[in-house]
Amino acid sequence: MINNDDKLHEECGVFGVFCSEPEQDAVLPMYYGLFSLQHRGQESAGIAVSRDNGIDIHKEVGLVGNIFNSDVLAKLKGSAAVGHVRYSTSETDLLENAQPFVSRFKLGSIAVVHNGMLTNADTVRELLEDAGIGFTSTSDSEVIVNLIAKNYKKGPEKAITDTIKFIKGSYALLVLTENALVGARDPNGIRPLCLGQFGDGKSKNNGWMLSSESCAIEAAGGKYVRDIEPGEVIIISRDQVLSFSFSEKTRRAVCTFEYVYFARPDSVIDGIDVYHSRIRAGEILGRESSAAADLVIGVPDSGIPAAIGYGRATGTPFGMGIVKNKYIGRTFINPGQVAREKAVLLKHFIIRSEVKGKKIVLIDDSIVRGTTSKRLVMLLKSAGAKEVHIRICSPPVRFPCYFGIDTPHRKDLISNMTTPEELCKSLGANSLAFISEKGLLESIDTTDTPGECGFCLGCFTGEYPIPVGY
């Protein structure tokens with residue numbers, strides 16, 4: 001599926017379950033966990049389970065609820081599992097790139113799920129191909145699973161840790177062996193990963209969970225314990241839970257868009273409450289760039305908390321104003337600018353009685369191509385709004401991401417091509433303002449020195465935490 005809507009997109013979400021007793025079932029909590037991560041990827045989903053000294057897998061194109069019906073779930077019995085939801089950027093190889101990836105060989109079986117992007121994937125792939133290893137996909141994750149399999153004679157833990165040390169880039173990585181669940185987070189912590197626990201820790205039916213977001217742990221019946229630290233590996237077996245750092249201390253660079261847009265608002269990432277970070281972004285935006293208006297509205301869904309915060313800071317009444325059609329899938333949106341613009345008409349609807357005759361402040365999380373903003377201004381003014389003032393809760397997106405976010409080419413990023421004044425005019429708005437970089441960091445980081453916790457601002461500044469290929 002080619003990305004033709006007007007948002008940045010996370011590539012995927014990962015979830016893992018490891019039960020303390022072999023008779024326990026990991027598949028049902030896995031299903032609930034993946035269902036709760038559906039917002040991170042809607043093109044394909046898969047589950048791999050460990051049972052009877054082997055690994056079974058089921059993955060398909062589509063949504064979690066459609067792929068994993070009761071018959072499929074009944075066949076996927078096992079006490080440990082990993083799962084994946086994926087956002088794809090290709091029409092032709094979607095099924096081939098669906099995860100998990102499973103490798104079965106003489107010494108055992110492993111399954112891998114991965115959120116992120118490797119900056120040295122091409123190099124590693126070429127080395128493996130030179131060694132006679134074939135590939136069936138273009139996914140970085142297959143590079144990882146093949147690299148682990150190649151080194152498996154060293155033992156599973158050594159093979160996994162050697163692989164993690166060799167790969168570069170961003171990753172929240174889960175590896176399922178026949179006897180353990182392993183999780184790892186890249187040294188900069190660009191992609192999120194957290195640990196959860198279920199059961200009381202004393203009786204049977206206990207276990208552990210690893211997830212891209214804390215909201216999925218709670219939905220699967222677990223309790224959020226903590227975030228996996230950047231550069232940390234955690235190995236969960238029935239005997240023990242081991243944790244160690246595999247890299248020297250590097251600069252933490254958590255993706256800011258996890259807080260701005262990607263993560264579900266009820267998640268906590270690295271100790272930061274996503275919902276309240278969006279509220280704070282709106283408050284800061286109101287202090288930095290207020291506009292005289294009768295009503296502030298947010299573009300559903302991520303713009304709504306920021307609109308509430310903006311209203312609190314400026315005294316502007318908050319209203320709904322825009323209703324989002326939750327039943328239109330990206331499969332409907334065809335390539336081409338005309339199709340993108342028409343799609344907005346079916347995705348967002350204006351409550352005329354709320355906006356007619358009023359000066360409106362419209363809050364959104366970002367502007368990528370400008371398609372959505374332009375159409376919403378037109379719709380609001382057609383519904384009788386006197387003025388529309390756009391306020392954006394992220395700085396202008398001027399550079400592509402190389403760490404697992406699907407971004408257009410730089411030439412298609414509208415903020416890279418125009419000044420804010422020119423952009424405002426092209427959108428038909430009465431005014432336009434973006435939150436400052438300092439303001440964004442302040443909204444996310446609640447310490448006395450915002451930014452010291454470390455966040456990636458690469459798509460705003462072009463300065464990346466690790467070297468990338470241009």
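FYI, the numbering just counts along the sequence from 1.
Here salt bridge (charged side-chain N to carboxylate O under 4.0 Å, His left out) pairs that include residues 295-308, with residues two or more places apart or in two chains, are D301-K324, D301-K326. The salt bridge (charged side-chain N to carboxylate O under 4.0 Å, His left out) pairs that include a residue from residues 176-187 are R185-D270, where partners are two or more places apart or lie in different chains. Residue pairs meeting the salt bridge (charged side-chain N to carboxylate O under 4.0 Å, His left out) criterion with at least one partner in residues 305-319, sequence neighbours excluded, are absent.
A distance-only check finds a donor-acceptor pair linking the side chain of Q24 to the backbone of E21 [under 3.5 Å].
Taking 4.5 Å as the limit, every side-chain heavy atom of E23 sits out of range of all side-chain heavy atoms of S79. Contact of the I148 side chain with the S103 side chain is not registered, since no non-hydrogen atoms from C-beta on lie closer than 4.5 Å. Between H84 and L174, every side-chain heavy-atom pair lies at or beyond the 4.5 Å cut-off.
In this view, Y224 and D227 satisfy the side-chain hydrogen bond (donor to acceptor under 3.5 Å, both in side chains) rule, not counting sequence neighbours. For K158, the salt bridge (charged side-chain N to carboxylate O under 4.0 Å, His left out) test picks out D162, with sequence neighbours left out. Residues meeting the side-chain contact (heavy atoms from CB on, under 4.5 Å) test with R226, sequence neighbours left out: L195, I228, E232, I234, S243. Qualifying ring pair (Phe, Tyr, Trp, His ring centres under 6.0 Å) partners for F460, counting only residues two or more places apart in sequence or in other chains: F257. Contacts of R398 classified as salt bridge (charged side-chain N to carboxylate O under 4.0 Å, His left out), with partners at least two apart in sequence or in another chain: none. Applying the salt bridge (charged side-chain N to carboxylate O under 4.0 Å, His left out) test to E157 and every residue at least two apart in sequence or in another chain returns nothing. Applying the side-chain contact (heavy atoms from CB on, under 4.5 Å) criterion to N120, with sequence neighbours excluded, gives L118, V124, I167, K168. Applying the ring pair (Phe, Tyr, Trp, His ring centres under 6.0 Å) rule to F35 yields the partners Y31; only residues at least two apart in sequence or on another chain are considered. By the ring pair (Phe, Tyr, Trp, His ring centres under 6.0 Å) test, F101 is found to be paired with no residue, residues two or more places apart in sequence or in another chain being considered.
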Let me see the working for T461 and E437 under side chain to side chain donor-acceptor pair (under 3.5 Å), right down to the final yes or no. CA-CA 9 Å; T461 66; E437 292 170 20; 5.9 Å; no
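Pairing each heavy atom of A111 with each of V102, the nearest pair is CB-CG2, 3.8 Å.
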